[in-house]
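Every heavy atom of this structure was used, including side-chain atoms; hydrogens, water molecules and symmetry mates were not. Order of appearance sets the numbers: ligands from 1, and atoms from 1 within every ligand.
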Amino acid sequence: MTPIDLTAAELLGRLESGELTSTAVAQSFLDRIERHDRAIGAFLRVDGESALAKAADVDRRRKAGEPVGRLAGLPVAVKDVLCAAGELTTCASRMLAGFRPPYDATVVARLKAADAVLIGRTNMDEFAMGGSTENSAFQPTRNPWDLDRIPGGSSGGSAAAVAASMAPLCVGTDTGGSIRQPAGLCGVVGMKPTYGRVSRYGLVAFASSLDQIGPLAHTVEDAALLLEVLAGHDPLDSTSVDRPVPPYAERVGQPLEGLRIGVVPEHFGQGLDAEVEAAVREAIDVYRSLGATVREVSLPHSKYAVATYYVIAPCEASSNLARYDGVHYGHRTDTRAMAAELEAERAAQLRSGDSAAAEDLDSPLVRMFRRTRAEGFGAEVKRRIMLGTYALSAGYYDAYYLKALKVRRLIRQDFDEAFKEVDLIAGPVAPAPAFKLGEKIDDPLAMYLFDLYTVVTNLAGICGISVPCGFSKSGLPIGLHLQAAPFEEERLLRGAAMYQRETDWHEKRPEAR
Ligand code: GLN
């Protein structure tokens with residue numbers, strides 16, 4: 001087996017035993033990217049030179065018997081929404097096309113301290129808004145299982161990179177499903193930790209009360225390993241929680257005794273693809289065969305989740321994205337062209353004798369804001385800013401934003417009740433396998449409805465994971481969604497690993513094209 005076929009845990013074992021060098025491992029993933037990413041488009045940038053330099057450094061230190069970090073020599077790709085000092089961090093937006101942050105996100109700093117080999121930055125929906133990665137300002141990403149289809153989103157680049165064996169580990173972010181949904185559609189493992197488990201410092205904000213960073217990998221064990229490095233309290237993020245990080249990787253192999261699985265009848269309602277339903281029901285039967293008890297639980301307010309999410313997330317986005325004004329950082333419109341434009345408009349209005357209209361023209365400052373934002377943001381981002389600004393405006397705030405917050409609380413209470421009865425809630429991660437590129441791009445509502453199973457996790461602030469649980473007849477991956485109570489990541493991972501041990505879906509890799 002070549003390094004690209006191995007899991008992160010297997011690679012680490014061979015690196016530690018000296019069977020493989022970090023340099024050889026990095027080189028084989030870089031070669032793979034070189035050969036296959038033209039067709040897939042998972043990466044926005046590949047950092048071959050710095051990756052090989054880091055790998056050589058790890059090799060040297062290992063050989064000399066010096067201490068090395070937890071991920072020493074393992075290639076990791078990072079979604080382009082996480083700041084890395086001095087390196088482009090674009091959020092797949094024209095707004096940040098030339099942005100080089102002066103500092104590392106905490107998770108990037110932790111990866112560096114763990115001696116991971118950072119190989120590149122993965123594509124995403126612009127500012128993580130979307131579910132197909134088609135909203136990237138730079139390129140679409142294609143699903144490695146079928147190049148005519150989307151990889152899911154917004155961490156579609158990360159999921160496709162793992163699925164196509166271009167990186168053994170990736171870091172993504174999940175505001176309403178953006179790790180779990182693409183993981184499901186690409187046949188890999190993706191996990192959203194509890195809100196507060198991983199520091200958001202240096203994560204470019206989309207919706208701050210929902211955003212979380214998490215791992216994508218081939219196996220639950222690999223996800224556990226990466227989460228262990230990412231997780232933990234950070235004084236730089238006041239919403240990160242000061243709780244010890246359990247040794248996930250060490251414990252992930254321990255089965256859970258007396259496991260109680262909850263199934264939500266509404267998850268299997270109208271709109272769920274029949275093949276997805278069959279695969280998920282079979283996965284639940286696997287738990288039964290392992291001795292788990294399966295019982296129905298009710299999440300009565302989940303039917304409002306998509307509506308609630310698409311009020312709260314755009315509200316927070318409209319506020320967070322106000323900072324892109326062409327003054328502080330990021331794109332600024334061509335101010336000379338702008339001044340000429342204003343001058344021409346003024347002259348035309350004066351010529352037509354309408355001096356009042358000429359007075360009403362934007363000030364140069366306001367025109368600079370307008371042009372900068374019009375040029376810098378894509379259509380979906382503008383749609384969210386408008387939705388959010390509207391819902392937060394005087395007169396609508398109570399009816400939309402405040403109402404949504406109240407429903408959010410009820411959604412959380414439903415989960416609190418459910419988790420008194422069960423340890424994990426199992427269901428589909430997405431209502432259907434990956435759709436075709438372009439299929440939903442002109443229908444934002446259809447795109448939003450595809451999120452119905454994942455947005456609840458973020459609204460409730462709990463944790464969830466997607467694990468491969470089958471394929472459609474046409475060969476598209478299907479994901480099983482498991483959710484657990486806040487800070488029960490260990491239980492979630494151990495429960496997911498129990499299923500994975502009984503099945504081999506996670507071992508399937510798409511044919512190299
Ligand atoms: N698809 C959802 C959205 O468009 C979730 C995005 C995310 O989790 N970043 O908002």
TODO: For the pair Leu272 and Tyr453, evaluate side chain to side chain contact (heavy atoms under 4.5 Å, CB included) and give the outcome as yes or no after the intermediate values.
DONE: CA-CA 11 Å; Leu272 178 61; Tyr453 299 124; 3.7 Å; yes
- [ ] State the atoms of ligand 1, each with its element, that fall below the 4.0 Å cut-off from a heavy-atom position in Gly176.
- [x] 5 (C), 7 (C), 8 (O)
- [ ] Could you list the atoms of ligand 1 found under 4.0 angstrom from a heavy atom of Asp174?
- [x] 8 (O)
Task: Over all atoms of both residues, closest heavy-atom pair of Asp125 and Gly153 - done: OD2-CA, 3.7 Å
Open item on the list: Looking at Ile462, is its backbone amide N or carbonyl O close enough to the side chain of Thr457 to form a donor-acceptor pair, meaning the two atoms are under 3.5 Å apart?
Closed with: no
Task: Atom indices of ligand 1, in the order listed, that fall short of 4.0 Å to a heavy atom of Ala128 - done: 6 (C), 7 (C), 9 (N)
TODO: Return the option from Met124, Arg384, Lys192 holding the heavy atom at the smallest distance from atom 4 (O) of ligand 1.
DONE: Arg384
Task: Face-on cation placement of Lys508 at Phe471 ring, 6.0 Å and 45° thresholds - done: no
- [ ] Provide the number and element of each atom of ligand 1 under 4.0 Å from a heavy atom of Tyr310.
- [x] 1 (N), 2 (C), 3 (C), 4 (O), 10 (O)
TODO: May I ask you to list the atoms of ligand 1 that are less than 4.0 angstrom from any heavy atom of Ser154?
DONE: 9 (N)
Task: Protein heavy-atom partner closest to atom 7 (C) of ligand 1 - residue, atom, separation in Å - done: Ser178 OG, 2.3 Å
Open item on the list: Would you call the rings of Tyr304 and His301 parallel, tilted or perpendicular, taking 30° and 60° as the class edges?
Closed with: tilted
Open item on the list: Between Tyr448 and Tyr309 (judged by ring centroids, cut-off 6.0 Å), do the two rings come close enough to count as a pair?
Closed with: no
Open item on the list: Between Phe99 and Tyr324 (judged by ring centroids, cut-off 6.0 Å), do the two rings come close enough to count as a pair?
Closed with: no
TODO: Give the numbers and elements of all ligand 1 atoms closer than 4.0 Å to a heavy atom of Phe206.
DONE: 9 (N), 10 (O)
- [ ] Identify, for atom 5 (C) of ligand 1, the protein heavy atom at the shortest distance, and state residue, atom and that distance.
- [x] Tyr309 OH, 3.3 Å
- [ ] Measure Asp451 to ligand 1 on non-hydrogen atoms and call it side chain, backbone, both or neither using the 4.0 Å cut-off.
- [x] side chain
